[in-house]
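Along the sequence shown, residues carry numbers from 1.
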Amino acid sequence: MIRVLVAEDMHILREALVELLSLQDDIEVVAGVVSGLEIVPAALEHRPDVAVVDIDLPGLDGVAAAAELRRALPGCAVLILTALTKPGVLRRALGAQVAGFVPKDIRPAELAEAIRTVAAGGRAVDPALALVALETPESPLSQRETEVLRMSATGAPPAEIAERLFLTYGTVRNYLTSAVTKLGARNRVDAIRIATESGWI
């Protein structure tokens with residue numbers, strides 16, 4: 001029996017996923033959560049084999065949650081479920097070593113098969129999404145610039161970002177300025193827009 005955790009913030013979708021997966025003889029949904037911050041605690045409590053994670057979750061996005069889950073429970077494979085087709089998002093997900101990345105319009109039978117594949121140690125990446133990712137340039141931002149810009153996108157001011165990342169205020173300002181320059185943006189807001197549309201943050 002494959003033990004599955006489902007992370008989806010839309011109640012009707014989460015319930016539909018749980019119901020559809022429960023129809024499979026070899027799959028048991030052991031937990032359902034609505035936010036990225038709940039994933040690791042629920043996984044540590046229920047010990048799933050696979051976490052089916054929506055990428056666009058409140059609190060902590062699916063990719064960031066997947067990276068945390070990998071550190072906390074390495075034996076749990078993560079299958080990202082997304083309506084977003086931005087290539088940078090797939091690159092981030094693969095960088096976080098998720099086992100699978102499939103679109104939300106996947107057929108139930110295909111989703112169940114993807115769960116079986118990642119539970120067995122395989123990869124399940126939608127071919128169309130993979131092709132788009134391969135054809136798109138990588139982010140010009142460094143890991144730290146990306147992190148700072150992503151936090152800035154949540155509305156956090158530089159002083160708060162500095163405190164949370166254990167950096168000086170000046171260093172955070174330098175990272176933000178560097179990100180704006182590298183992206184050819186007019187200002188920080190424009191840089192966030194460009195990076196978001198490209199799927200880099």
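Every side-chain contact (heavy atoms from CB on, under 4.5 Å) that Asp9 has, sequence neighbours left out, goes to Asp54, Leu57, Pro58. For Asp105, there are no side-chain hydrogen bond (donor to acceptor under 3.5 Å, both in side chains) partners two or more places apart in sequence or in a different chain. Residues that satisfy the side-chain contact (heavy atoms from CB on, under 4.5 Å) test with Val34, not counting sequence neighbours, are His11, Arg14, Glu38. Residues meeting the side-chain hydrogen bond (donor to acceptor under 3.5 Å, both in side chains) test with Thr171, sequence neighbours left out: Thr168. Partners of Ala119 by side-chain contact (heavy atoms from CB on, under 4.5 Å), not counting sequence neighbours, listed by chain and number: Ile2, Val50. Under the side-chain contact (heavy atoms from CB on, under 4.5 Å) criterion, Ser22 pairs with Val18, Val29, not counting sequence neighbours.
Nearest heavy atom pair, residue His46 against residue Val30, reads ND1-O, 3.4 Å. Ala156 approaches Arg164 most closely through the heavy-atom pair CB-NH1, 4.3 Å. Here the shortest heavy-atom pairing between Ile27 and Met1 reads N-SD, 3.5 Å. Minimum interatomic distance between Ala72 and Leu44 (heavy atoms only, all atoms of both residues): O-CD2, 3.9 Å. Taking both residues in full, the closest heavy atoms of Asp190 and Ala185 are given as OD2-CA, 3.4 Å, listed atom of the first, atom of the second, then distance. Taking all atoms of both residues into account, the shortest heavy-atom contact from Ala96 to Ala67 is CB-CB, 4.2 Å.
The number of heavy-atom neighbours closer than 6.0 Å to CG of Leu23, taken from other residues, nucleotides and ligands shown, is above 12. In Glu163, the CD atom is not crowded: 12 or fewer heavy atoms of neighbouring residues, nucleotides or ligands sit closer than 6.0 Å. The number of heavy atoms from other shown groups lying within 6.0 Å of CD (Glu19) does not exceed 12.
In this structure, the side chains of Met151 and Val172 stay at 4.5 Å or more apart for every pair of heavy atoms. Annotation: side chain of Val118 is not in contact with side chain of Val98 (no heavy-atom distance under 4.5 Å). Looking only at side-chain heavy atoms (C-beta outward), Val189 and Arg193 stay at 4.5 Å or farther from each other.
Atom CD of Glu8 and atom CD1 of Ile55 lie 12.0 Å apart (nearest 0.5 Å). Residue Thr117 holds its OG1 atom at 9.0 Å from CG of Leu79, rounded to the nearest 0.5 Å. From Ser142, atom OG reaches atom NZ of Lys182 across 5.0 Å, with rounding to the nearest 0.5 Å. With rounding to the nearest 0.5 Å, the separation of OH in Tyr175 from CG in Leu167 is 6.0 Å. Here CG of Leu176 is found 11.5 Å from CG of Asn187. Values are rounded to the nearest 0.5 Å. Between atom SG of residue Cys76 and atom CZ of residue Arg3 there is a gap of 10.5 Å, rounded to the nearest 0.5 Å.
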Next item on the list: Apply the test side chain to side chain contact (heavy atoms under 4.5 Å, CB included) to residues Arg188 and Arg173: give CA-CA distance (whole Å), side-chain angles for both, the deciding distance (0.1 Å), then the verdict.
Entry: CA-CA 10 Å; Arg188 189 190 324 165; Arg173 297 280 302 183; 3.7 Å; yes

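With Lys104 as the fixed residue, the side-chain contact (heavy atoms from CB on, under 4.5 Å) test singles out one of Asp56, Thr82, Leu13: Leu13.
The cluster map of Ile, Leu, Val, Met, Phe, Trp and Tyr, joined by side-chain heavy atoms under 4.5 Å apart, puts Val180 and Leu149 in different clusters. Ile80 and Leu111 are not part of a single hydrophobic cluster, where members link through side-chain heavy atoms under 4.5 Å apart. One hydrophobic cluster, built from ILVMFWY side chains closer than 4.5 Å, cannot hold both Val52 and Leu60; they sit in different ones. In the hydrophobic clustering of this structure, Ile115 does not group with Val53; members are Ile, Leu, Val, Met, Phe, Trp, Tyr whose side-chain heavy atoms approach within less than 4.5 Å, directly or through other members. Hydrophobic clustering, with ILVMFWY side chains joined whenever heavy atoms are under 4.5 angstrom apart, keeps Leu69 apart from Val4.
A salt bridge links Arg144 with Glu147: the closest approach of a Lys/Arg side-chain nitrogen to an acidic carboxylate oxygen falls below 4.0 angstrom.
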